[in-house]
Amino acid sequence: MNITLPDGSIRELAQGSTGLDLANDIGPGLAKAAVAVVVNGSQMDLCDPIETDSEVSIITINSNDGLEIMRHTLTAQVLARAIKNLYPTAKLAIGPTIEDGFYYDFATETAISSDDLPKIENEMRNIIASGDLINKSLNTKKDAIKAFKSKKEEYKIAIINESEQADDFQIYQQGDSDFIDLCRGPHLPSLEHIGAFKLTKVAGAYWRGKSENEMLTRIYGTAWNNDKDLAAYLNRMEEAEKRDHRKLGKEMDLFHFQDEAPGMVFWHPNGWTIYRELQNFVRKRLVDNGYVEINTPQVIDRKLWEASGHWDKYRENMFITEIDEEHANEKRINALKPMNCPGHVQIYNQGIKSYRDLPLKFAEFGSCHRYEPSGTMHGLMRVRAFTQDDGHIFCTEDQIESETGLFIKFLSSVYADLGFKSFDIKLSTRPQMRVGSDEIWDKAELALETAIKNLGYPYKIDEGDGAFYGPKLDFVLTDAIGRDWQCGTFQLDFNLAERLDAEYVGEDGKKHIPVMIHRAILGSFERFIGILIENYAGKLPLWLAPRQVVIASITSDVNSYVNEVASLLKELNVRVETDTRNEKISYKVREHSTSKVPVIMVIGKKEMEERTISIRRLGSNENTSYSLNDIVEQIAQESKDSSNIQEL
RNA sequence: GCUCAUAUAGCUCAGUCGGUAGAGCACUUGCUUGGUAAGUAAGAGGUCACCGGUUCAAGUCCGGUUAUGAGCUCCA
């Protein structure tokens with residue numbers, strides 16, 4: 001049979017030759033590095049026979065695929081075997097690879113804590129030291145079930161039973177150990193290829209990922225080809241931890257949380273300054289893009305939420321208020337608004353709208369409350385009270401495409417100014433739990449996809465992830481250390497306007513139902529500020545920095561000049577503070593640097609005599625001297641410039 | 001909501017075998033007036049998250065509650 005290699009060359013091998021035979025045929029070095037093969041596009045073990053003419057490429061340990069296979073073998077073979085050695089009654093579930101590593105889920109009789117990880121790692125190293133060969137057998141369904149029944153591996157049996165496969169269940173086994181595991185493979189040919197690894201954490205995870213199922217123990221780990229790569233990864237994790245907005249928020253005195261209001265932010269003066277600056281920035285952009293700002297009530301009678309459909313779907317997650325009125329016939333139940341859209345429709349419904357009024361774009365910095373499950377809260381990123389840069393576009397079906405284009409343009413300019421140069425687009429389609437007929441959903445999905453296709457933006461489809469009222473586009477930005485954040489959203493809604501009786505008079509003089517588009521660019525201010533803090537590692541661009549300038553004196557003789565400079569800057573609305581404390585200049589510089597003040601002005605006798613200022617910028621240890629008149633103007637201008645973020 | 005863990009000074013943390021709490025930084029005061037990431041000395045600061053139990057005695061052991069953390073589930 002003929003084997004075609006990736007470079008197009010063809011080798012002739014006996015029928016039934018394996019990937020290893022092929023590697024050996026090409027060269028001994030390759031055979032040594034080979035860990036698996038790709039035959040006609042699918043990965044196979046090195047020991048699998050190839051029966052017909054095929055296109056084959058060899059996966060070596062140093063490739064990305066090789067690393068992935070190594071991680072897979074490390075979890076499904078080594079970690080699982082170590083667990084069975086240490087906890088013989090443990091029951092194995094699944095052990096896949098994930099980004100940068102792997103995990104394994106299993107059930108144990110005794111709880112495993114992170115203190116046990118070193119012990120498990122040791123056992124793994126012992127197993128790896130054996131250098132065992134990894135063998136594979138193909139089994140019928142019956143035999144496979146029998147094999148795992150004798151081991152009391154009920155999760156494996158469940159997996160086999162639910163498989164559509166008739167036979168060829170792959171069971172892997174190492175050397176002469178009696179550990180076996182079911183796996184779709186491929187695996188390393190032997191344990192010798194395992195590189196550097198570390199078990200990182202232990203946590204709970206539901207069997208099959210369903211919250212109604214029992215909780216299994218999950219052990220996470222990371223694995224790399226060598227110690228250097230492992231160290232680099234661990235270093236990356238440490239760097240990410242240093243950027244944690246909860247830690248920086250404390251250090252920079254931005255906000256706090258407390259028990260009496262879980263998931264709700266107490267903004268301190270510094271944090272609230274960032275919030276206000278960001279909001280003013282967005283407000284200006286909204287006006288530039290044809291939106292009108294409105295405001296709607298916080299507390300609204302349940303009747304409106306019933307009409308909108310929210311009461312039905314999300315009542316569990318709404319904060320409810322009851323007022324005890326002694327003589328009222330009926331207790332009135334209100335909800336704190338979890339969304340702004342029903343309120344916006346109420347404003348739309350005031351007065352008769354004509355097609356000439358469309359598209360009508362309402363914007364609101366809408367404060368919403370949602371009773372998020374206790375385990376989901378996370379700093380500013382997931383809270384129970386938040387403010388969206390919300391907006392609703394009321395338009396005709398014909399206007400969807402142009403509105404989509406205008407929105408994406410708007411969003412990308414906002415992201416660029418905030419320092420995020422690129423974003424991905426995701427199209428989410430109808431979910432299981434939804435309102436509206438399939439006919440309407442067909443129309444909505446088609447409209448959105450057509451719009452984005454015609455505009456030529458690349459996008460991915462996320463089946464079933466749409467909102468309950470319509471399909472949506474989500475915008476995912478990438479931060480300075482490569483993490484993804486879903487922020488912007490653009491959601492078509494062919495349902496709510498009809499439910500809440502919104503109409504317009506068309507050219508034909510008849511009444512029509514407008515399309516409603518829910519849209520946000522930042523998402524929530526709370527979360528977006530968290531993202532900004534982490535993206536900039538606290539070193540916010542000047543216009544967003546709570547304290548933009550600190551003027552530090554060297555000796556008390558210059559205090560009058562310090563105050564003079566400060567009042568000049570204040571007059572130009574620069575957020576400036578003076579530091580005339582009786583401390584050494586290095587002490588002051590250190591303190592203001594650690595609290596992330598972007599501009600430190602240092603003033604001593606020399607500056608006062610020459611009417612200059614020495615400036616030290618955050619992240620640099622150079623000082624530059626400027627004449628007073630020039631620099632005050634320049635800093636004032638720079639401090640208001642929300643475009644063209646300087647590179648970090 | 002689920003699993004596991006954690007909760008001690010403003011912050012970061014120590015506190016052994018159950019015997020009435022300790023460090024560094026920050027804060028206040030004194031000395032120090034100095035040239036770009038920590039000058040120096042002293043002082044003040046705590047109902048050990050909350051409720052209950054065991055015990056002669058609980059920061060420490062046990063139970064519950066609340067909050068937080070990691071992950072899972074969820075996220076209009």
Side-chain angles (χ1 to χ4, degrees), chain A residues 103 105 107 111-116 200-220 244 246-247 250-251 253 256-263 305 308-318 337-342 368 370-379 381-384 386 388 431 433-435 465-470 472 486 489 491 493 496 518 523-524 527 552-559 580-595 600-607 614-616 618 620-624:
Chain A
Y103 66 77
D105 285 351
I112 293 179
S113 79
S114 54
D115 299 339
D116 299 315
T200 48
K201 56 194 159 198
V202 40
Y206 299 112
W207 165 236
R208 293 192 188 286
K210 295 206 169 108
S211 56
E212 63 268 24
N213 287 347
E214 69 270 29
M215 182 70 70
L216 304 174
T217 301
R218 175 174 294 180
I219 291 182
Y220 284 91
D244 191 316
R246 293 166 299 184
K247 184 171 154 4
K250 217 175 257 175
E251 285 171 11
D253 194 14
H256 83 271
F257 291 91
Q258 63 188 52
D259 286 15
E260 291 82 353
W305 304 112
S308 70
H310 290 96
W311 190 266
D312 225 27
K313 307 282 172 207
Y314 292 102
R315 192 236 163 292
E316 294 286 294
N317 295 307
M318 285 158 78
K337 69 174 170 182
M339 294 200 80
N340 307 302
C341 32
C368 296
R370 296 180 185 175
Y371 189 80
E372 301 287 358
S374 59
T376 59
M377 262 115 59
H378 179 89
M381 300 302 190
R382 182 93 179 255
V383 288
R384 284 184 176 156
F386 56 93
Q388 296 171 310
M433 196 169 101
R434 58 178 185 263
V435 293
D465 204 37
F468 78 82
Y469 45 69
K472 59 177 179 171
Q486 184 175 313
T489 192
Q491 313 181 346
D493 188 341
L496 190 65
H518 310 249
S524 102
R527 179 163 175 272
S553 60
I554 292 175
T555 69
S556 53
D557 299 340
V558 301
N559 286 357
T580 53
R581 291 174 302 171
N582 179 9
E583 294 291 350
K584 290 201 167 178
I585 191 62
S586 20
Y587 181 90
K588 295 182 184 179
V589 165
R590 177 175 194 278
E591 190 173 282
H592 301 306
S593 297
T594 51
S595 65
I600 299 175
M601 294 184 171
V602 172
I603 288 180
K605 282 187 189 126
K606 185 169 145 250
E607 284 76 16
S614 167
I615 287 193
R616 177 182 171 123
L618 186 60
S620 152
N621 47 17
E622 283 171 29
N623 324 297
T624 318

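Remember, it's a predicted structure, so these values are computed and weren't measured experimentally. Numbered from 1 within each chain, the chains take letters A, B, ... in sequence-line order.
- Between A:Lys588 atom NZ and A:His592 atom NE2 the span is 7.0 Å, to the nearest 0.5 Å.
- With hydrogens and angles left out, the side chain of A:Tyr371 and the base of B:G1 share no donor-acceptor pair within 3.5 Å.
- Residues A:Val602 and A:Ile585 form a side-chain contact, since some pair of their non-hydrogen atoms from C-beta on lies under 4.5 Å apart.
- Pairing partner, B:C2: B:G71, with both Watson-Crick or wobble hydrogen-bond distances short of 3.5 Å.
- Rounded to whole Å, the P atom of B:C2 lies 25 Å from the corresponding atom of B:U60.
- If you check distances only, the side chain of A:Glu607 does reach the base of B:G35 with a donor-acceptor pair under 3.5 Å.
- Interatomic distance, CZ of A:Arg315 versus CG of A:Asn317, reported as 10.0 Å (0.5 Å rounding).
- Nucleotides B:U28 and B:G71, compared at atom P, are 39 Å apart to the nearest Å.
- Comparing B:A76, B:U12, B:G35 by their closest approach to the side chain of A:Ile585 singles out B:G35.
- Taking side-chain N and O atoms only, A:Lys210 has no distance below 4.0 Å to OP1 or OP2 of B:C74.
- Shown here, B:C27 forms a base pair with B:G43; the pair counts as Watson-Crick or G-U wobble because both key distances fall under 3.5 Å.
- For B:C17, there is no paired nucleotide, since no Watson-Crick or G-U wobble pair has both relevant distances below 3.5 Å.
- Within the nucleic acid shown, A:Gly209 comes within 4.0 Å of sugar-phosphate atoms alone, with no base atom in reach, counting heavy atoms only.
- For the pair A:Glu214 CD and B:G71 P, the computed distance is 22 Å after rounding to whole Å.
- Residue side chain A:Tyr587 fails the stacking definition with respect to B:A38, as its ring centre and the base's six-membered ring centre are not both under 5.5 angstrom apart and under 30 degrees in plane angle.
- The residue A:His378 sits close only to the backbone: its heavy atoms come under 4.0 Å of sugar-phosphate atoms, none of a base.
- Taking the P atom of each, B:G63 and B:A5 are spaced 11 Å apart, rounded to whole Å.
- Heavy-atom nearest nucleotides on RNA chain B were determined for A:Phe257 and for A:Arg218, and the one closer to the 5' end corresponds to A:Phe257.
- If you check the side chains of A:Tyr220 and A:Arg218, you find a donor sitting under 3.5 Å from an acceptor.
- Look at CE on A:Met377: it is 15 Å from C1' on B:C2, rounded to the nearest Å.
- Among the nucleotides B:C74, B:U36, B:C2, the one closest to the side chain of A:Tyr206 is B:C2.
- Nucleic acid contact class of A:Gly379 (heavy atoms, under 4.0 Å, all strands): sugar-phosphate only.
- Ranking B:A38, B:A76, B:U33 by closeness to the A:Thr555 side chain, first place goes to B:U33.
- Here the rule is side chain to side chain contact (heavy atoms under 4.5 Å, CB included) with A:Thr580, and of A:Ile554, A:Val558, A:Thr555, A:Asn559 only A:Asn559 fits it.
- Taking 4.0 angstrom as the limit, A:Tyr220 places a side-chain polar atom (N or O) nearer than this to OP1 or OP2 of B:C72.
- Look at the C1' atom in both B:U8 and B:A58: the space between them is 14 Å, to the nearest Å.
- For A:His256, no side-chain nitrogen or oxygen approaches OP1 or OP2 of B:G10 to under 4.0 Å.
- Separation of the C1' atoms belonging to B:C13 and B:C31 is 31 Å when rounded to the nearest angstrom.
- If you take atom P in B:G53 and the same atom in B:A57, they sit 12 Å apart, rounded to whole Å.
- Between A:Asp105 atom CG and B:A70 atom C1' there is a gap of 15 Å when expressed in whole angstrom units.
- Under the 3.5 Å distance criterion, the side-chain polar atoms of A:Lys313 are left unmatched by any main-chain donor or acceptor of A:Met433.
- Summarising the geometry, the separation between CG on A:Asp557 and P on B:U33 is reported as 11 Å, rounded to the nearest angstrom.
- You'll find a donor-acceptor pair under 3.5 Å spanning the side chain of A:Arg616 and the base of B:A37, going by distance alone.
- Summarising the geometry, the separation between CZ on A:Arg434 and C1' on B:A76 is reported as 16 Å, rounded to the nearest angstrom.
- Base engagement by A:Ser614 is indicated by at least one non-hydrogen atom pair under 4.0 Å involving a base atom.
- Taking 4.0 angstrom as the limit, A:Arg382 places none of its side-chain polar atoms (N or O) nearer than this to OP1 or OP2 of B:C74.
- Donor-acceptor pairing under 3.5 Å, judged by distance alone, is absent between the side chain of A:Ser586 and the base of B:U36.
- A:Arg382 pairs with exactly one of A:Glu372, A:Arg527, A:Arg370 by the side chain to side chain contact (heavy atoms under 4.5 Å, CB included) rule, that one being A:Glu372.
- Within the nucleic acid shown, A:Arg384 has no heavy atom closer than 4.0 Å to any nucleic acid atom.
- With both ends at atom P, the span from B:G59 to B:A21 equals 9 Å, rounded to whole Å.
- Atom name P, nucleotides B:C25 and B:C56: the rounded distance is 43 Å, in whole Å.
- Residue-level contact check: A:Pro373 touches the bases, meaning some heavy atom is under 4.0 Å from a base atom.
- Within the nucleic acid shown, A:Thr217 has no heavy atom closer than 4.0 Å to any nucleic acid atom.
- The aromatic rings of A:Tyr469 and A:His518 lie parallel to each other, with less than 30° between the two planes, well short of the 60° mark.
- With B:A76, B:G35, B:U36 as the choices, the nucleotide that has an atom nearest any side-chain atom of A:Ile554 turns out to be B:G35.
- Straight-line distance from the NZ atom of A:Lys606 to the P atom of B:G34: 16 Å, rounded to whole Å.
- With RNA chain B read from its 5' end, the first of the two nearest nucleotides for A:Ser211 and A:Ser113 is the one closest to A:Ser113.
- Shown here, B:A9 forms no base pair; nothing in the strands shown gives a Watson-Crick or G-U wobble contact with both key distances under 3.5 Å.
- A side-chain donor-acceptor contact under 3.5 Å links A:Glu607 to the backbone of A:Gly604.
- Using a 4.0 Å heavy-atom cutoff across all strands shown, A:Tyr469 reaches sugar-phosphate atoms only and no base atom.
- At B:G71, one or more side-chain N or O atoms of A:Lys201 fall inside 4.0 Å of OP1 or OP2 (strictly under the cut-off).
- Comparing B:A76, B:G34, B:G69 by their closest approach to the side chain of A:Lys605 singles out B:G34.
- Checking B:C2, B:U68, B:G35 against every side-chain atom of A:Met215, the shortest atom distance belongs to B:C2.
- One can place CD of A:Glu591 at 13 Å from C1' of B:C11, the figure rounded to the nearest angstrom.
- For A:Asp259, taking side-chain heavy atoms from C-beta onward, the closest of the listed nucleotides B:U68, B:C72, B:U66 is B:U66.
- Applying the 3.5 Å distance criterion, the base of B:U36 shares no donor-acceptor pair with the side chain of A:Ser593.
- If you check the side chains of A:Gln491 and A:Thr489, you find a donor sitting under 3.5 Å from an acceptor.
- The separation between A:Lys584 atom NZ and B:A38 atom P is 10 Å, rounded to whole Å.
- For A:Thr376, the listed nucleotide lying nearest its side chain is B:U73; candidates were B:G34, B:C75, B:U73.
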